[in-house]
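Naming: A, B, ... by sequence-line order, numbering from 1 per chain.
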2 protein chains.
Amino acid sequence: MCYTIYDLAKECQVSVATVSRVINNSGPVKEKTRQKILKLIKEKNYSPNAFARGLNNISMKTIGIIISDIGNPFFAQIVKSIDSICQKNQYSIILCSTENNSKTERREIEMLMQKQVEGFIIAGSRPVKDENASFLTEVSKKYPIVLINSFIRGGHKMYSVMVDEKKSTYDALSLIISKGHKKIFLLGDTQWKTTVAKINALKDVLKDNGLSFDKEQIINCKYSYSSGMAGVKELLSRNIPFPYTIFCSSDMIAIGAMKELLSHGIKIPEEVAIMGYSNTENSSLTTPSLSTVDQKMHVLGEKAAKIFIDILDDNYPINKKMYSDYRILMREST
Amino acid sequence: MCYTIYDLAKECQVSVATVSRVINNSGPVKEKTRQKILKLIKEKNYSPNAFARGLNNISMKTIGIIISDIGNPFFAQIVKSIDSICQKNQYSIILCSTENNSKTERREIEMLMQKQVEGFIIAGSRPVKDENASFLTEVSKKYPIVLINSFIRGGHKMYSVMVDEKKSTYDALSLIISKGHKKIFLLGDTQWKTTVAKINALKDVLKDNGLSFDKEQIINCKYSYSSGMAGVKELLSRNIPFPYTIFCSSDMIAIGAMKELLSHGIKIPEEVAIMGYSNTENSSLTTPSLSTVDQKMHVLGEKAAKIFIDILDDNYPINKKMYSDYRILMREST
DNA sequence: ATGAAAGCGCTAACAC
DNA sequence: GTGTTAGCGCTTTCAT
């Protein structure tokens, strides 16, 4: 079906070995024959069969990227920054969305292993009940894995790049409290470790400021705009007197929440202050603009990709867990 | 290094052919031996080497997806819907962002061909000066290509799914004009065919309504939030008396533009009306909510993926160009 | 129902 | 500097 190395060899009256040598620059070839072969390659638009190369343990230079939802701007930006590093290093990424389903995640990873990716970058928090933790640990014996914003104990070639979610949330909430806010609610999906970390931060910061915590302050909602809206509806139905503050586990939730508040004519931040988390691009475009915790996703993504490539080059990081920088962004919504 | 079909065969005391038969269900095997082999496969967690299979012309079941920017919600949603169809059919997608660079696009496609994708889905408008048109035509002799929202004449296995951008823009502008708006500006990147189509729609609709067109009505800007903001700054600097309308070539531009207008305290839609294009999820979350043309991206993406898979199954569509549905969404910004 | 063996296109060790 | 050839792991005829 396709032009092969044998065809090239025959036509140039050399052996396949010689052709292979010029293709891979893997040995001495007389300049003249090299030119002849190169010319024919151009001419015939020949390109080597990746499967045959793969059979000989030549790297495919592709990385599996596992995220839960590409429709979420957070992941879109992470993927973008990973991709930029990968392109520079001639790696391709093969993208999988798990839609937050453990079974899907596992199936996708198994499929990718068959497709011979070099390893995985898995972005996003893990569920509290992480059904795949031991599976991933097992996978990491053979394939390098870089986790973004999560950590699994006991991994082999498994490394984490993460923002300290508890500390950053604590810092953000401290700032909010220092501005005089006392009634704070938290919107987030309690099925995910990231939300649990934030709840713990809330408890700590309240305690440290002599305020009390009540589980009514936590409103459970999924990671989407519409869930943010639903969360606010639920909160408003309680008729709690203004002012108060809503801290959201993600910008998506916050933006949905803000939309809902504004549609009720509620004044932000005078009546309800609101804060997001991540600093996705669209968080600065709401009116009022959204206060948030800048996770510097491009740094996260680039770091993860670089670490991954380092591992492939046998440069193993010293620590299994590496923290990435963040900053609190107080804009108009608080 | 890995467990192979030979190991299985030896351990089960059968030949590799038999093992291959049970793996692929490609021939009769005595039920008892089949069970024995299946059991060992589970036990050893065996999975066949995709390269070796690939060498035998077994499909890798992966599709190359080419987009210009995954950070753009339009593409993110397209990718998401493509992915959902692909997962259902056991296809993986391998994603490439070209950052609107023709050279990058070409390089990525060539790389993917080596990695033995089955073909390509290429989403998004093409540049007015499309440097890769003939390259893609050539590629389409061998690989199926489905284009989303663009069309290249003379392709072989090349098909297009698209929203009629000129007609939809004409419809949207008609509606705007029927509400009494007369001064209309258009923000968009004139390097791209999609913007050219919209400009043509604007010219037509103005003509049909006895209004005149002036090239000052076109403000050139890239596809990003910040460019939308810059476009509005430019427009405001002209001190044109309100009211007027800004039609934006994409929701991203419109959202940036709206943010800029609001930050100047300009009333939307009373002083400046604004309309976007695409109906990305975030367009309904601005305040005021953004009027836009709903391109039904999930339909676009799903259609494209289905057509692609059909082609692989040798079900070629009758038409090279297939139009997808749209609707005009008048929300609060107009 | 099962096995032997050829072949897919390439790489690399070895011989010359 | 170049050629010969043995794999790589699997599928698939062709015998049996």
Side-chain angles (χ1 to χ4, degrees), chain A residues 1-41 44-62 110-118 142, chain B residues 1-41 44-62 110-118 142:
Chain A
M1 140 201 174
C2 242
Y3 214 72
T4 76
I5 203 173
Y6 285 94
D7 304 321
L8 287 175
K10 199 191 299 176
E11 205 154 331
C12 289
Q13 307 185 55
V14 294
S15 74
V16 291
T18 306
V19 178
S20 179
R21 276 184 202 108
V22 349
I23 290 169
N24 301 293
N25 243 294
S26 57
V29 178
K30 211 198 325 174
E31 191 50 29
K32 208 175 147 196
T33 37
R34 154 176 270 105
Q35 290 308 332
K36 185 160 60 174
I37 294 167
L38 247 23
K39 183 163 164 262
L40 195 63
I41 286 177
K44 298 291 181 184
N45 214 287
Y46 163 84
S47 106
N49 181 315
F51 295 125
R53 310 185 99 177
L55 255 193
N56 292 285
N57 290 320
I58 295 298
S59 141
M60 272 288 237
K61 299 205 85 165
T62 89
E110 279 170 342
M111 183 190 285
L112 290 190
M113 291 194 291
Q114 287 194 21
K115 296 199 180 177
Q116 313 289 1
V117 297
E118 315 273 320
K142 200 171 145 195
Chain B
M1 135 201 170
C2 242
Y3 215 72
T4 77
I5 203 173
Y6 284 94
D7 304 322
L8 287 175
K10 198 190 299 175
E11 207 154 330
C12 290
Q13 306 185 59
V14 294
S15 75
V16 292
T18 307
V19 177
S20 178
R21 278 186 200 104
V22 351
I23 290 170
N24 301 294
N25 241 296
S26 57
V29 178
K30 212 201 320 178
E31 191 50 30
K32 208 174 147 197
T33 38
R34 153 177 269 105
Q35 290 309 332
K36 184 160 62 171
I37 294 168
L38 247 23
K39 181 163 165 265
L40 195 63
I41 285 177
K44 297 291 181 183
N45 214 287
Y46 164 84
S47 105
N49 180 317
F51 292 126
R53 310 185 98 177
L55 254 193
N56 292 286
N57 289 320
I58 296 297
S59 139
M60 270 288 234
K61 299 204 85 164
T62 88
E110 281 172 341
M111 183 190 284
L112 290 191
M113 291 194 292
Q114 287 195 20
K115 296 197 180 179
Q116 313 290 2
V117 296
E118 315 274 319
K142 200 169 144 195

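Between A:Q13 atom CD and D:dT4 atom P there is a gap of 13 Å when expressed in whole angstrom units. Whole-Å rounding puts the A:F51 CZ to C:dG7 P distance at 21 Å. The distance from atom CG of B:N49 to atom P of D:dT11 is 10 Å, rounded to the nearest whole Å.
Considering only side-chain atoms of A:L55, the nucleotide from C:dG3, D:dC10, D:dC8 that sits closest is D:dC8. Looking at the side chain of A:Y6, the nearest of the listed nucleotides C:dG9, D:dG3, D:dT11 is C:dG9. Nearest nucleotide to the B:A17 side chain, out of C:dG7, D:dT12, C:dA13: D:dT12.
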Name the atoms and distances for all side-chain donor-acceptor pairs under 3.5 Å in residues 16-25 of chain B, with sequence neighbours left out.
| residue | atom | partner | partner atom | Å |
| --- | --- | --- | --- | --- |
| B:T18 | OG1 | B:S15 | OG | 3.4 |
| B:S20 | OG | B:N24 | ND2 | 3.4 |
| B:N24 | OD1 | B:R53 | NH2 | 2.6 |
| B:N24 | ND2 | B:S20 | O | 3.0 |

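Nucleic acid contact for B:V14: sugar-phosphate only, since backbone atoms but no base atoms lie under 4.0 Å from a heavy atom of the residue.
Under 4.0 angstrom from either OP1 or OP2 of C:dT11 there lies at least one side-chain N or O belonging to A:R53. Residue A:Y46 has no polar side-chain atom (N or O) positioned under 4.0 Å from OP1 or OP2 of C:dG9. Within the 4.0 Å cut-off from OP1 or OP2 of D:dG9, not a single side-chain nitrogen or oxygen of B:T4 is found.
Over its full length, the helix from C:dA1-D:dT16 to C:dC16-D:dG1 turns its helical axis through 40°, comparing axes from the five pairs at each end and rounding to 10°.
Between A:I5 and A:Y46, the closest side-chain pair of non-hydrogen atoms falls below 4.5 Å.
Listed by residue number, B:T18, B:R21, B:P28, B:V29, B:K30, B:T33 are the residues of residues 18-35 of chain B with a heavy-atom contact under 4.0 Å to DNA chain C.
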